Amino acid sequence: MTPEQFAALKASREESFWETAVSRGFCTDDNILAALSARFRMKIANVNSISQQARELVPEQLVRKYRVLPLQISDSILDIATADPHDLDCERTLAFALGRTVRMSLAAPRKILERLDEVYRPENVIEKILENVAGDYDIETLSEQIEDSDLELGANRATERPVIQLVDRIVAEGIQSRASDIHLEPEEAGVAVRYRIDGVLRQVMILPKAAGIPLVSRVKIMAQLDIADRLRPQDGRSRVVVSGNRVDLRISTLPASQGEKVVIRILDQRSTVLSLDGLGLNPDELERIHGLLLAREGVVLVTGPTGSGKTTTLYSMLRTIQARGVNIVTVEDPVEYRLQGIVQVQVNEKAGLTFPAALRSILRQDPDVILVGEVRDKETAMIAIQASLTGHLVLTTLHTIDAASSVTRLLDMGVESYKIAASLKGVVAQRLLRRLCPHCRELAVGQVPERLRKWFPDGSTVYRQVGCSECSQTGYRGRLAITEVLTGSPEMERRIAANESAERIADAARETGMRGLWESGVQHARNGITTIEELLRVLEAPAEPTVYHAHQVPTTRNTPSVAPIDEEPTAPSAPPASAAAIVADLLPPPVKGRVSTLHTPATPFTGASFQLVDEESAIPQQSKKVLLVEDEDALRRVVKDLLEREGFTVFEAADGVKALDEIDRAAPDIVVLDLNLPRLDGYGVLSHLRARPSTANLPVIVLTAKGDEDSEVRVFEYGASDYLTKPFRPRALSARLHSLLARGHSSGGTSGGAG
């Protein structure tokens, strides 16, 4: 600046020298930013990089008061852009209000104010949005012929070009952002536009209130709804082409106090995984669902609240069944995705094509598999069950909180219990959790809440979300399903037919291996696929006592098989037994002439599960090394405790790869190997061991859940020394260990069986 310019600047009565100098042309924002950056050694901010979390957590009144722009926020630091690096009052106030260290970078005052208006209260948002619309997206609305009279029913601005462009932009942005729904919600300050991405609503803009009526009218025209009727809810559908890809839209309107709310559901088949293998299920859950689909008749239910992915799971099941070459017919309202090779019927109640009417007609079309979009009433339920009893496989959905409650729901509809017992093959209850972004996740150290220590003990590996450009600064990208798979059994059929409670039915299901929703989510959190926070957002941590069963890790209804470490269990419901009797059954009898020290295992099992051998006979003459390979942490701890009390030195591995490493490191005398392992299963471990000269004769006892002849033959073909089927008694395991060690057993000799 020249001396004259500097004198004129000093003589001005403007509030900001910076803005005055730029407005009079004395210098530019870039000149001042470069000088300040060099003088104070501060970074120049990127004002276009503002995280959604920062915008939501930092109050608008504070940032407008101090004229700063929130950029990013983490658990400990708030990054802001400011034009005044000397504003200590701003720094202290924000630090106190948000409980974080404030980190400043530089930006021009004009840019800060412009971005504040865009982020917090965009007054001319339509014009701002439309500035860069051209060339971004190629959008075309596909619809049936619209009568001219429909376009003349009011809200004449709905056909103006800016409004059409704005709606196209909102829809296109939602599709590109992987949103499942777009919400247009009238508020006192304007019309909020929110996208539901990975199950969570994010506000992306607020439109002026005057734009609300033409905006809603334009959406109604797309869906061929009555734009003159703003007092009744309406539902419709539309189809658009975005950048050459067809996307179906389901549109629903609802009159509200501030105006009409519109929800646009995006059905983009490109972003929907129609495969059971792509749903992110745990291996045991996937195996149980595949087992349900082997049925040729009966009813299979998928339950959960709205938006829990029931339709996607049903379609994925149909894709699996379709490979059989069967006739599949669906009855849906609405038909969400069109599937090649499957006949799909759209319910039309105005024309008399209801769920019951469609089902009756379908039964005359020689179907093998029928999908009913939802069982809403007794008539639909009765026809579906009747169809299953006459040789059809029926897939359908219910709205219940868990698997066992589906039976109660059907009873409430008026379906006879004996018909439910005869037809129900299984129930899949599910929820959706957000996946951690693989690009930015990081280990969460010391962040497990105290009340969850029983499921995530010290040493558990859990991750936390961070946020990066790949996940739009949220820390999550995509979703996965957690499930509770109830499969039929004779005992469960008996309890259903006897009108027993949902809790008793759930007990029968757990006896066949069912794990709860909470348990499934804990497994995903421990595997680093999601976070504890996300699990708690979707599910409530169970508080009821844990119930233990003979064949599995302790579970409660909707609780993990990973047993609470420091919690006393209750006795199983049948047969009844006192706590003293259970503890007495668990503990070894005292040795004559010695004082018996009672030692309860960290995760006790009932007497029906484990029967301990006498202490004198249990202790070997010299300590032998046992490698215990089991992926269920709680079961591994219990078996380890039992073996150590018998005098063995026990090493552990939770998957097949770690097992091979531990064998090389510890050189065990014998291996107890589970078959169902992550990374490398038990068969793979056996193959590696028998292929190595150093471990070719190492004794291996296999634990398997299958006791049929084929499984037994396969186990020995892979080189196992012996095997036990689950559930097993410790006496059987102990006897086999001592027998193999005493004989110096090599591979493949004894006949195995369940203990």
Side-chain angles (χ1 to χ4, degrees), residues 178 180 199 239 245-248 250 265-304 306-347 355 358-359 362 365-375 384 387-388 391-398 403 424-433 435 478-487 520:
R178 303 178 297 108
S180 60
R239 177 178 289 183
N245 298 302
R246 289 191 175 192
V247 179
D248 287 329
R250 299 290 178 269
R265 169 154 290 191
I266 299 172
L267 303 175
D268 187 358
Q269 197 157 345
R270 294 173 306 151
S271 61
T272 303
V273 179
L274 296 181
S275 165
L276 287 175
D277 294 332
L279 297 180
L281 302 175
N282 289 318
D284 59 321
E285 298 163 357
L286 186 60
E287 182 179 355
R288 289 169 67 83
I289 292 176
H290 278 299
L292 289 179
L293 299 182
L294 294 177
R296 294 302 186 267
E297 68 278 328
V299 175
V300 176
L301 295 172
V302 180
T303 74
T306 302
S308 60
K310 299 188 296 297
T311 302
T312 300
T313 300
L314 280 176
Y315 284 173
S316 301
M317 289 178 173
L318 288 185
R319 284 295 193 201
T320 302
I321 297 172
Q322 195 176 11
R324 300 179 193 165
V326 293
N327 180 20
I328 302 175
V329 184
T330 75
V331 187
E332 305 171 68
D333 185 22
V335 175
E336 295 197 5
Y337 298 105
R338 289 176 171 83
L339 304 178
Q340 191 72 25
I342 295 176
V343 177
Q344 296 174 274
V345 178
Q346 168 71 53
V347 168
F355 275 109
L359 273 174
I362 284 172
Q365 295 284 320
D366 185 34
D368 298 298
V369 179
I370 302 171
L371 184 148
V372 182
E374 182 183 350
V375 173
S388 71
H392 304 87
L393 179 60
V394 179
L395 307 179
T396 187
T397 69
L398 277 178
L424 188 63
K425 294 297 182 182
V427 184
V428 180
Q430 74 176 53
R431 301 289 190 277
L432 294 178
L433 297 180
R435 292 177 184 266
R479 289 191 287 180
L480 59 92
I482 56 172
T483 62
E484 177 182 75
V485 186
L486 179 151
T487 57
S520 176

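This structure is a prediction, so every number in the text was calculated from the model and none was measured. Side-chain atoms are counted along with the backbone in the values below, which use heavy atoms only and exclude waters and symmetry mates.
Considering only residues two or more places apart in sequence or on other chains, E287 meets the salt bridge (Lys or Arg N to Asp or Glu O under 4.0 Å) condition with K706. For R288, there are no salt bridge (Lys or Arg N to Asp or Glu O under 4.0 Å) partners two or more places apart in sequence or in a different chain. In this structure V326 satisfies the side chain to side chain contact (heavy atoms under 4.5 Å, CB included) test together with I321, R324, I328, D368, V369, sequence neighbours excluded. Judged as a side chain to side chain contact (heavy atoms under 4.5 Å, CB included), and not counting sequence neighbours, the contacts of D284 are N282, R515. With sequence neighbours excluded, the residues satisfying salt bridge (Lys or Arg N to Asp or Glu O under 4.0 Å) with D248 are R239, R338. With sequence neighbours excluded, the residues that form a side chain to side chain contact (heavy atoms under 4.5 Å, CB included) with E332 are Y315, T330, V335, Q344, L371.
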Checklist entry - How far apart are the C-alpha atoms of L339 and R319, what are their side-chain angles, what is the distance that settles it, and do they pass the side-chain contact (heavy atoms from CB on, under 4.5 Å) test? => result CA-CA 9 Å; L339 304 178; R319 284 295 193 201; 3.7 Å; yes

Item to check | L301 and T396: CA distance, side-chain angles, deciding distance, side-chain contact (heavy atoms from CB on, under 4.5 Å) verdict | outcome: CA-CA 5 Å; L301 295 172; T396 187; 3.2 Å; yes

Item to check | Criterion side-chain contact (heavy atoms from CB on, under 4.5 Å) on Q346 and D333, from CA distance to verdict | outcome: CA-CA 6 Å; Q346 168 71 53; D333 185 22; 3.2 Å; yes

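Across every non-hydrogen atom of V247 and L267, the tightest pair is CG1-O, 3.9 Å. For A295 against L393, the heavy-atom pair with the smallest separation is O-CD2, 3.5 Å. In this structure, V394 and A387 approach most closely via the heavy-atom pair CG2-CB, 4.1 Å. Considering all non-hydrogen atoms of both residues, S275 and S316 come closest at N-OG, 3.2 Å. Across all non-hydrogen atoms, the minimal contact from E285 to S520 is OE2-OG, 2.5 Å.
Using a distance-only test at 3.5 Å, with no hydrogens or angles considered, no donor-acceptor pair links the side chain of T483 to the main chain of Q430. A side-chain donor-acceptor contact under 3.5 Å links E484 to the backbone of A403.
The shortest distance between side-chain heavy atoms of D277 and H290 falls below 4.5 Å. Contact annotation: the side chain of T487 approaches that of L292 to within less than 4.5 Å [non-hydrogen atoms, C-beta and beyond].
Distance check: R435 CZ to L480 CG gives 5.0 Å after rounding to the nearest 0.5 Å. Taken to the nearest 0.5 Å, the NZ atom of K310 stands 9.5 Å off from the CG atom of L432. In this structure, M317 CE and L276 CG are separated by 6.5 Å, a value rounded to the nearest 0.5 Å. With rounding to the nearest 0.5 angstrom, the NZ atom of K425 is 11.5 Å from the CZ atom of R296. Here OG1 of T313 is found 7.0 Å from CD1 of I289. Values are rounded to the nearest 0.5 Å. Between the CG atom in N327 and the CD atom in Q365 there is a gap of 8.0 Å [rounded to 0.5 Å].
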